[in-house]
2 protein chains.
Amino acid sequence: MSAIVPVPLYQAKAEFFRTLGHPARIRVLELLSERDHAVHELLDAIEIEQSNLSQQLAVLRRAGLVVQRREAGAVVYAISVAEVRDLLLAARAILAAVLAGQEQLRSELGGGAS
Amino acid sequence: MSAIVPVPLYQAKAEFFRTLGHPARIRVLELLSERDHAVHELLDAIEIEQSNLSQQLAVLRRAGLVVQRREAGAVVYAISVAEVRDLLLAARAILAAVLAGQEQLRSELGGGAS
DNA sequence: TCGTAACTTGAAGAAGTGTTCAAGTGCTAA
DNA sequence: TTAGCACTTGAACACTTCTTCAAGTTACGA
């Protein structure tokens with residue numbers, strides 16, 4: 001019976017995309033969509049301070065995209081929503097299309113500088 | 001031969017997602033993925049000031065997601081990358097999964113308040 | 001039980017975004 | 001050629017998000 005404030009759907013979507021709007025968080029999701037990782041493994045892969053990584057993991061946790069568990073003295077993270085991988089793939093496709101479009105535009109403009 | 005600075009891919013992805021991280025921009029993309037719209041049509045649908053809408057459209061244009069054309073005295077916008085629709089659908093699926101997960105968690109915790 | 005490795009948290013200043021206002025541009029039509 | 005509609009732009013201030021530092025927690029091992 002909790003009184004959930006009905007956040008408009010398009011606002012929920014915007015918040016969700018903002019959650020993905022950080023390089024470290026993207027990398028975490030990409031790594032986790034391969035397999036579960038302990039925090040220190042992520043740390044080895046990501047070039048960021050531990051406390052900063054922890055902050056970013058907290059953002060992903062609050063958004064409900066990842067879950068945490070403790071295992072043999074380490075904290076292990078996992079993707080909680082399998083569809084995340086599809087989203088990352090869709091994003092990759094768009095990005096490729098956009099970048100290709102920009103490249104084409106650039107050459108149509110005569111190969112000039114930026 | 002333009003000297004393009006090689007932005008790391010995961011940073012480009014993050015920027016891309018941030019572009020989507022605004023309710024008005026999401027609505028614009030949803031409307032445009034149905035059909036092309038003139039600015040004043042978007043304005044009728046979105047409850048936002050004209051200059052603010054214009055700012056948001058500029059963000060989408062800079063990101064290369066929409067294109068502008070002039071038609072009979074009006075400015076008409078269109079999606080430039082067809083895959084945007086797939087992305088919005090993928091996002092909807094994740095959002096549904098995440099919200100369902102939260103709802104389940106809430107009930108497991110005993111139906112308490114937030 | 002003490003030390004240490006592995007994380008998380010809170011807080012504060014820096015950096016980045018969003019909203020709004022005023023002014024400007026580009027058509028079209030009288 | 002001038003009026004007016006449709007839209008864009010620049011700039012300023014408010015607001016949010018990031019990064020970093022210092023302090024705190026948890027669990028294992030000596």
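Since the model is a prediction, treat every value here as computed from it, not as a measurement.
- Along DNA chain D, the nucleotide nearest to A:Leu53 and the one nearest to B:Tyr77 differ in position, and the one closer to the 5' end is contacted by B:Tyr77.
- Taking atom CZ on A:Arg61 and atom P on C:dC7, their separation rounds to 12 Å, with Å as the unit.
- The closest side-chain donor-acceptor pair between A:Tyr77 and A:Arg69, if any, does not fall under 3.5 angstrom.
- At a threshold of 4.0 Å, the pair A:Arg85-A:Glu30 does not count as salt-bridged, since none of the basic side-chain nitrogens sits closer than that to a carboxylate oxygen.
- Using a 4.0 Å heavy-atom criterion, one finds that B:Gln68 contacts the sugar-phosphate atoms exclusively.
- With values rounded to the nearest 0.5 angstrom, B:Leu29 atom CG is found 12.0 Å from B:Glu34 atom CD.
- Candidate nucleotides D:dT19, C:dT9, D:dT8 were compared by shortest atom distance to the side chain of A:Asn52, and D:dT19 ranks first.
- Here C:dA6 presents its P atom at 15 Å from CD of A:Glu71, a figure rounded to the nearest Å.
- In this structure, of C:dA22, C:dT19, D:dT19, it is C:dA22 that holds the atom nearest to the side chain of B:Ser51.
- Each of B:Gln56 and A:Gly73 has a nearest nucleotide on DNA chain C; the 5'-most of these lies closest to A:Gly73.
- Proximity of B:Arg62 to the phosphate of D:dT9: no side-chain N or O atom is located under 4.0 Å from OP1 or OP2.
- A donor-acceptor contact shorter than 3.5 Å is absent between the side chain of A:Arg25 and the backbone of A:Leu20.
- Salt bridge annotation for B:Glu41-B:Arg35: present, with a cationic side-chain nitrogen under 4.0 angstrom from a carboxylate oxygen.
- Applying the 4.0 Å criterion to OP1 and OP2 of C:dC7, one finds that A:Gln55 has every side-chain N and O outside that range.
- With hydrogens and angles disregarded, no donor-acceptor distance shorter than 3.5 Å links the side chain of B:Arg70 to the backbone of B:Val75.
- Residue A:Arg69 contributes atom CZ, which lies 16 Å from atom P of D:dA27 at whole-angstrom precision.
- Within residues 17-50 of chain B, the residues approached by DNA chain D to less than 4.0 Å at the level of any non-hydrogen atom are B:Val39, B:His40, B:Gln50, in residue-number order.
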